[in-house]
Amino acid sequence: MKQLFIKKENSPHLLLFFAGWGSDENLFRRTVAEGYDCLLCFDYRTLEFDYSLLNGYREIRLLAWSMGVWVAGQILSGHTYPWEMKLAVNGTPFPIDDRRGIAEAVFHGTLENFSDAALARFRRRICGGAGQVKEFLSHQPYRTTEELGAELAALEHEVGKVQPAAFVWDKAIIGLCDKILFRQISVPHGLAQR
């Protein structure tokens, strides 16, 4: 896993962000809230995590998106930090699951047929409309198709060999029009509903 400070001003407050599959820092080069350092986690070809980067913060705001929800749960389960909030967005502790995530056949088929064309289709689906696609492409990740395919394969392997983490989120936001994860709207076990 790559961990990169997007903003590091030695603040006592940290925004810890686990991005979705296929992300990199270019996608998130935006203004970060005043008073927060921001640590971006992405590229899940390995799940090695440098926990020392979280030392010294008085408050940590955790935000995880898409596949980052599963990764954050796996990485942070069993660790105690001064959480200000833990927010999961359009992700699940069951990322490859016929009822609670991406259907197994769909995930495996995507991996087996992964190409530049499949990547372009995926990006159109996460954006929704032409305006959002244009905005996305102005900040698109610089990672190669081969690298992204390797990340997808590593995620399939890791998800298949471990149990969902016993990590409890404070809040989960699930978009009603998510075209990637959810075929039905439900709140998976492990996500608090408010």
Side-chain angles (χ1 to χ4, degrees), residues 1-4 16-28 39-51 53 62-79 86-127 136 139-169 172-175 178-184 186-191:
M1 173 184 323
K2 293 185 181 172
Q3 295 168 262
L4 177 69
L16 175 59
F17 182 45
F18 283 78
W21 164 81
S23 298
D24 73 6
E25 68 275 16
N26 192 51
L27 190 56
F28 301 100
L39 179 61
L40 174 66
C41 303
F42 64 99
D43 189 353
Y44 306 129
R45 288 179 285 177
T46 74
L47 297 184
E48 294 173 12
F49 188 83
D50 182 356
Y51 293 94
L53 296 177
L62 172 63
L63 171 62
W65 167 52
S66 192
M67 191 62 80
V69 171
W70 178 81
V71 174
Q74 294 298 322
I75 296 298
L76 299 171
S77 183
H79 295 270
K86 298 174 288 183
L87 175 64
V89 178
N90 284 5
T92 170
F94 308 93
I96 306 172
D97 186 279
D98 290 342
R99 292 184 312 108
R100 301 168 289 185
I102 301 169
E104 290 183 39
V106 171
F107 193 98
H108 189 70
T110 300
L111 179 57
E112 289 293 307
N113 299 300
F114 194 68
S115 64
D116 288 335
L119 179 59
R121 280 191 305 276
F122 171 82
R123 288 177 171 171
R124 279 194 306 274
R125 288 173 59 205
I126 65 168
C127 292
F136 176 86
H139 298 282
Q140 71 179 325
Y142 291 128
R143 299 173 63 200
T144 67
T145 304
E146 293 76 22
E147 204 175 303
L148 297 178
E151 182 181 4
L152 202 58
L155 284 165
E156 182 182 52
H157 175 76
E158 289 298 318
V159 169
K161 76 177 193 179
V162 298
Q163 293 295 313
F167 189 78
V168 178
W169 297 87
I173 297 173
I174 299 172
D178 187 306
K179 296 180 180 179
I180 305 299
L181 276 181
F182 301 104
R183 304 282 181 239
Q184 62 187 31
S186 63
V187 178
H189 174 74
L191 297 180

*What residues form a side-chain hydrogen bond (donor to acceptor under 3.5 Å, both in side chains) with T145, not counting sequence neighbours?*
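Residues passing side-chain hydrogen bond (donor to acceptor under 3.5 Å, both in side chains) with T145: D116.
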Can you tell me how far [atom2] of [Y] sits from [atom1] of [X], rounded to the nearest 0.5 angstrom?
X	Y	atom1	atom2	value
N90	M67	CG	CE	13.0 Å
I96	E158	CD1	CD	10.5 Å
I174	T92	CD1	OG1	7.5 Å
D43	Q3	CG	CD	11.5 Å
I75	C41	CD1	SG	8.5 Å

_Centroid-centroid under 6.0 Å between W169 and F18 rings_ =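 So the answer is no for these two rings.
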Which side-chain N or O atoms in residues 146-155 pair as donor and acceptor under 3.5 Å with protein atoms at least two apart or in another chain?
residue, atom, partner, partner atom, Å
E147, OE2, R143, NE, 2.8
E151, OE1, G22, N, 3.4
E151, OE1, R143, NH1, 2.8
E151, OE1, R143, NH2, 2.8
E151, OE2, Y44, N, 3.0

*asked:* Quick check: closest heavy atoms across A64 and V69, and the distance to 0.1 Å?
replied: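 Distance-wise, the nearest heavy atoms are O-CG2, 3.5 Å.
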*Quick one: list whatever passes side-chain contact (heavy atoms from CB on, under 4.5 Å) with Q74, sequence neighbours left out.*
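side-chain contact (heavy atoms from CB on, under 4.5 Å) list for Q74, sorted by chain: W70, V162, A165.
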*asked:* My understanding is that only residues two or more places apart in sequence, or in another chain, count here; which of them pass side-chain contact (heavy atoms from CB on, under 4.5 Å) with H79?
replied: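 Partners of H79 under the side-chain contact (heavy atoms from CB on, under 4.5 Å) test: Y51, Y81.
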[Y] and [X], any side-chain heavy atoms less than 4.5 Å apart:
X	Y	value
F42	L4	yes
W21	P95	no
I102	T110	no

*asked:* Between T46 and M1 (side chain of the first, backbone of the second, donor and acceptor by atom type, cut-off under 3.5 Å), is there such a pair?
replied: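 Side chain of T46 to backbone of M1, a donor-acceptor pair under 3.5 Å: yes, one is there.
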*salt bridge (charged side-chain N to carboxylate O under 4.0 Å, His left out) involving E156 - partner list, sequence neighbours excluded*: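 Once residues adjacent in sequence are excluded, E156 has no partner under the salt bridge (charged side-chain N to carboxylate O under 4.0 Å, His left out) criterion.
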*Listed partners of F107 passing ring-ring contact (aromatic ring centres under 6.0 Å, His included), at least two apart*: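 Partners of F107 under the ring-ring contact (aromatic ring centres under 6.0 Å, His included) test: none.
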